Amino acid sequence: EEPAGTRVIDVPSGSGVFLLGLAPESRIEYTAVDISEEMLARVRAAAEEKGLTNVSTLSADATKLPIPDGSFDLVLTYNGLHCFNEPWTALREFRRILTDDGRIRGTILLRRPTLVAPRVQSYFQFRGLLGPIGTWAEVQTWFAAAGLRVRRVRQSGALAFFEGKAA
């Protein structure tokens, strides 16, 4: 649970899974960002259904966020970084909109040295559904170059869960 007044941005938000943990009395300011208006409509519907008044939505590209520097305390980015053509550009944007002591939490698909995963990942990259996929060491360089320090919390198959903060 985040403290009252925490400004959270969820990029890409999808249908707003983070909303499941929010209660109407929550004092967290939640902003869902996605390029899909359909996903943002789902976020608005879920917020309305739960009686949440502290939810806003923004249709935007994660690599060019129309948001002032230092606007958020926490960036959530679940199941999206590996879909961006330039995840490192999105990470720089995430750092830019974070406060100096801001945090980041999310997941990223990693390249794994197994027979099946690279073939599946290559297929989805060929289809334009996945962007670059790196090893954990490579991904850490993307974060570091963006001014973010992260650690892998756990891993499930090729999906790494991470958390970190502004460096």
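These values consider heavy atoms only, across backbone and side chains, with no hydrogens, waters or symmetry-generated copies. Source: prediction; values computed, not measured.
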Could you tell me whether a side-chain N or O of [X] sits under 3.5 Å from a main-chain N or O of [Y], the two making a donor and an acceptor?
{"X": "Thr77", "Y": "Val11", "result": "yes"}
{"X": "Gln140", "Y": "Ala137", "result": "no"}
{"X": "Arg105", "Y": "Leu74", "result": "no"}
{"X": "Asn54", "Y": "Ser26", "result": "yes"}

Notebook entry, point to check: Looking only at heavy atoms, what is the nearest atom pair of Ser13 and Tyr30, with distance?
Noted result: CB-OH, 4.0 Å
Margin query: Give me the atom names and distance for the closest heavy-atom approach of Leu20 to Lys50.
Written below: O-NZ, 3.1 Å
Next item on the list: Given side chain to side chain contact (heavy atoms under 4.5 Å, CB included), test Trp142 with Leu148 step by step and report yes or no.
Entry: CA-CA 9 Å; Trp142 302 348; Leu148 297 163; over 6 Å; no
Check: Is there a side-chain contact between Asp10 and Val17 (heavy atoms, below 4.5 Å)?
Finding: no
Charged N to carboxylate O below 4.0 Å: is that the case for [X] and [Y]?
{"X": "Glu38", "Y": "Arg42", "answer": "yes"}
{"X": "Lys64", "Y": "Glu93", "answer": "no"}
{"X": "Asp69", "Y": "Arg95", "answer": "no"}

Margin query: Tell me whether the count of non-hydrogen atoms from other residues, nucleotides or ligands lying under 6.0 Å of CD in Glu49 goes above 12.
Written below: no
Note to self: What verdict does the side chain to side chain contact (heavy atoms under 4.5 Å, CB included) test give for Leu81 and Leu91, after you've listed the backbone C-alpha separation in whole Å, the side-chain angles of each residue and the deciding distance to 0.1 Å?
What the structure shows: CA-CA 8 Å; Leu81 276 173; Leu91 291 171; 3.9 Å; yes
Next item on the list: Test side-chain hydrogen bond (donor to acceptor under 3.5 Å, both in side chains) on Ser36 and Asp34 and set out the steps.
Entry: CA-CA 5 Å; Ser36 168; Asp34 208 292; 4.7 Å; no
Checklist line | Derivation and outcome, side chain to side chain contact (heavy atoms under 4.5 Å, CB included), residues Val150 and Val139 | finding: CA-CA 10 Å; Val150 296; Val139 166; 5.9 Å; no
Check: Can Leu65 and Phe94 be said to form a side chain to side chain contact (heavy atoms under 4.5 Å, CB included), step by step?
Finding: CA-CA 9 Å; Leu65 296 169; Phe94 296 168; 4.2 Å; yes
Check: Hey, what do you get for CD1 (Ile108) to CH2 (Trp136), rounding to the nearest 0.5 Å?
Finding: 7.5 Å
Notebook entry, point to check: Who are the ring pair (Phe, Tyr, Trp, His ring centres under 6.0 Å) partners of Phe72, not counting sequence neighbours?
Noted result: none
